[in-house]
Q: 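Please read through the structure below; I'll follow up with questions.
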2 protein chains.
Amino acid sequence: MTDTTITAAYYRGGRKFTVESTEARPPGAGEARIRIAYCGICGTDMHVFHGNMDARVGFERVIGHEMSGVVESVGEGVDNVAVGQKVVVRPLDHCGDCPACRAGHHHICHRLKFLGLDTDGAMQELWTVPAHTLHVLPDDLRLDHAALIEPVAVACHDVRLSGLAPGEDVVVIGGGPIGVLVAMVARAAGGKVLVSEVNPNRLAIAGRLGFDTVNPTEADLVAEVEARTGAKGADVVFEVSGSQAGVDAMTAVAATRGRIVMVAIHAKKPEIDLFRFFWRELRLIGARVYEPEDYDKAIALIAAGGIDADTIITDVSPLSEIQAAFEALDASPTAMKSLIKVGEIA
Amino acid sequence: MTDTTITAAYYRGGRKFTVESTEARPPGAGEARIRIAYCGICGTDMHVFHGNMDARVGFERVIGHEMSGVVESVGEGVDNVAVGQKVVVRPLDHCGDCPACRAGHHHICHRLKFLGLDTDGAMQELWTVPAHTLHVLPDDLRLDHAALIEPVAVACHDVRLSGLAPGEDVVVIGGGPIGVLVAMVARAAGGKVLVSEVNPNRLAIAGRLGFDTVNPTEADLVAEVEARTGAKGADVVFEVSGSQAGVDAMTAVAATRGRIVMVAIHAKKPEIDLFRFFWRELRLIGARVYEPEDYDKAIALIAAGGIDADTIITDVSPLSEIQAAFEALDASPTAMKSLIKVGEIA
């Protein structure tokens, strides 16, 4: 056993992980190797667990991308990070040569590789990544909180693309982990936020986080939004539910010239009220992952205490217990964000 | 018979107009009375003819809004126009007190009155309107061409909201009267325009107007757009077809961060590929009627010869023949814009 013999969790298909020893890959030119502290379980990871992404990830894959860690070693030519620095990985590797990259939209590259799905990820003690994907953290940022940077960056991207201005009325449709983070980032940007959610446990968490909430199966969401806004409607709507009901609600609650950000991934094509788009000159904004500035914003927000990380993180399990952690998260009606503690970092 | 006894065409339901004598209403305070030269038949007027808007317009209504004329008289306090000036009416009367009006979006007022539908319109020799709706025309602008200003203003609004920049790739889905005008305005703004249309007669007209065209029932529209754009896709898409096929095409041909303007009125809710909105960060922009600056732009474009009015105007009939004109337009596969010559103006 060398000092680069590590423990890694492999997705093996059929809702199973195996935890095994392996040799960490040394960093090549332009790469850095990260000692992983924490790795959150993303909704996408849960899709992998459910077998929905087997064709993409295969059965030899280490998944995980919502991570935090410390630079362990660097390859030739790396000068943007130094050994010992706390970092997170922005898990996107672009081709640099497609129409999207040439237009400067690297994060929606036509041949984008998502680290931790298309390549191995962070559910291992040492992770070797392109150094350009790294963001350095403040020394005093807690590494468990830092594991929220990736999902908070998603929310920062969504809120940035919405063009939200202070004082505007916001409705977040869907109060799960991403919805609550979107709500927090929107509130930090000065939005007056209402969260619509059908799950009572999630409603309770959103309420504890200080948000006004509506359960649209029990109250009239449109009437509630009209009452709050003097019949104006919401200036910005985030559709995070991924449901037809959410898509119906998003057009119904939006003000004239309202902006609707499509945060949810709709695998099926829902029916959309295009007449309302015409009638109120609504705008729909597709949003995918994040750009570097969204990571910078997420790091600043978490460092400043703008995200209630201790309420969002509802479970922490060691890497050896990854199987139980996925099963528990899958079965829990109250969990928000589960972290895997991948390694000990002083 | 006084000098204000006029001829007017009334929509009576059941695809029928009657042409009758009536007394013109004198202009009140803040109003002007316009001697109508020409009035085009809009798609909306054809909806009225088909009986689809009976509940809104009733059976005592003079319709028509795509007009040109000359100021005949003005009421008290009117100082923005003078008797004898050539004018067009921007046929929108807003309440001034709803959330949309308070936000400055008068054209999408929650209680908007559309002149010629919600009030009497221009298919009469003298038309009394709020003076704030008038735009003065250059003295040498032909009044038949000026009857195109309203639909050209729709196209100017669509193109302005798209944010089209010179050199960008544009696809117009649907090459009817509005589609062709959108294509012309987009070309005038520097766009590289492809028109997609299924009707061979309309394809031929678009071709005569100098546009590249595709018939998507005979060729692969997506492959054609990719070939023209180096696999990038269209920066701006105008959906003017009002069909599910058009809605499917709009997401398929759009580039990363492409803007899709919803020009068509979809009475039914189509299915929309929201995954593509996410994947390519597309934007959908609802567009309705026009704002004053769109009228200014339309007047300037037509005055400068930027719109091939003589190709667009395929028929001119006198007011006495309005019934036959609607029936002919309804039956014609080749007509683009039919004008009614309402009165003689020197």
Side-chain angles (χ1 to χ4, degrees), chain A residues 98-110 112 157-158 161 169 226 229-233 235 239 242 244 246-248 250-251 254-289 291, chain B residues 98-110 112 157-158 161 169 226 229-233 235 239 242 244 246-248 250-251 254-289 291:
Chain A
C98 70
C101 283
R102 287 197 297 272
H105 309 317
H106 298 140
H107 68 300
I108 43 177
C109 165
H110 287 198
L112 189 69
H157 188 65
D158 296 331
L161 293 194
D169 290 296
E226 298 229 325
T229 62
K232 173 175 61 66
D235 303 296
E239 165 23 33
Q244 179 68 52
V247 167
D248 292 340
M250 74 185 191
T251 47
T256 49
R257 289 263 173 112
R259 294 95 71 197
I260 301 169
V261 180
M262 187 48 55
V263 181
I265 298 176
H266 285 262
K268 274 185 58 181
K269 294 180 183 178
E271 294 181 348
I272 298 193
D273 187 351
L274 283 185
F275 185 83
R276 190 77 169 184
F277 270 86
F278 156 76
W279 195 248
R280 290 206 152 184
E281 291 201 336
L282 305 181
R283 303 201 170 197
L284 180 68
I285 300 167
R288 182 174 164 203
V289 293
E291 294 173 270
Chain B
C98 70
C101 284
R102 287 197 296 273
H105 309 316
H106 299 140
H107 68 299
I108 43 177
C109 164
H110 288 197
L112 188 70
H157 188 65
D158 296 332
L161 293 194
D169 290 295
E226 298 230 324
T229 63
K232 172 173 63 65
D235 303 297
E239 165 24 32
Q244 179 68 53
V247 167
D248 291 340
M250 75 185 190
T251 47
T256 48
R257 290 262 172 111
R259 293 94 72 196
I260 301 169
V261 180
M262 187 48 53
V263 180
I265 299 176
H266 286 262
K268 272 184 59 180
K269 294 180 183 177
E271 293 181 348
I272 298 193
D273 188 352
L274 284 185
F275 185 83
R276 191 77 168 183
F277 270 87
F278 155 77
W279 195 247
R280 290 206 153 183
E281 290 201 336
L282 304 181
R283 301 199 171 199
L284 181 68
I285 300 167
R288 182 174 164 203
V289 293
E291 294 173 271

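Sequence lines set the chain letters: A, B, ... in the order given, protein chains first and strands last, and positions in each chain run from 1.
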Q: Verify side chain to side chain contact (heavy atoms under 4.5 Å, CB included) between B:Leu274 and A:Val247, making sure each step is shown before the conclusion.
A: CA-CA 10 Å; B:Leu274 284 185; A:Val247 167; 4.1 Å; yes
Q: Picking from B:Phe277, B:Phe275, B:Phe278, which has the most non-hydrogen pairs under 4.5 angstrom with chain A?
A: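 If we count pairs closer than 4.5 Å to chain A, B:Phe278 comes out on top.
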Q: Using heavy-atom distances under 4.5 Å, tell me whether B:Ala103 contacts chain A through its side chain, its backbone, both, or neither.
A: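 Contact with chain A is absent: no heavy atom of B:Ala103 under 4.5 Å.
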Q: Can you tell which of B:Glu239, B:Arg259, B:Glu271, B:Arg288 has the highest number of heavy-atom pairs within less than 4.5 Å of chain A?
A: B:Arg288
Q: Picking from B:His157, B:Met262, B:His105, what satisfies side chain to side chain contact (heavy atoms under 4.5 Å, CB included) with A:Glu281?
A: B:His157
Q: Counting heavy-atom pairs closer than 4.5 Å to chain A, which one of B:Arg276, B:Arg257, B:His266 comes out on top?
A: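 Of B:Arg276, B:Arg257, B:His266, B:Arg257 has the most heavy-atom pairs under 4.5 Å with chain A.
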Q: For chain B, which candidate among A:Pro99, A:Ala100, A:Pro270 shows the most heavy-atom pairs at distances under 4.5 Å?
A: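 The candidate making the most pairs under 4.5 Å is A:Pro270.
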Q: Pick from B:Arg102, B:Lys232, B:His110: which one has the most heavy-atom pairs with chain A under 4.5 Å?
A: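 Option with the top pair count is B:His110.
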Q: Can you check whether B:Lys269 reaches A:Asp248 side chain to side chain, under 4.5 Å on heavy atoms?
A: yes
Q: I need the residue from A:Val289, A:Ile260, A:Leu282, A:Ile108 with the largest number of non-hydrogen atom pairs under 4.5 Å to chain B.
A: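 Greatest number of close heavy-atom pairs with chain B: A:Ile108.
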Q: Most heavy-atom pairs under 4.5 angstrom with chain B, which of A:Leu112, A:Thr229, A:Ile285?
A: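 Most heavy-atom pairs within the cutoff with chain B belong to A:Ile285.
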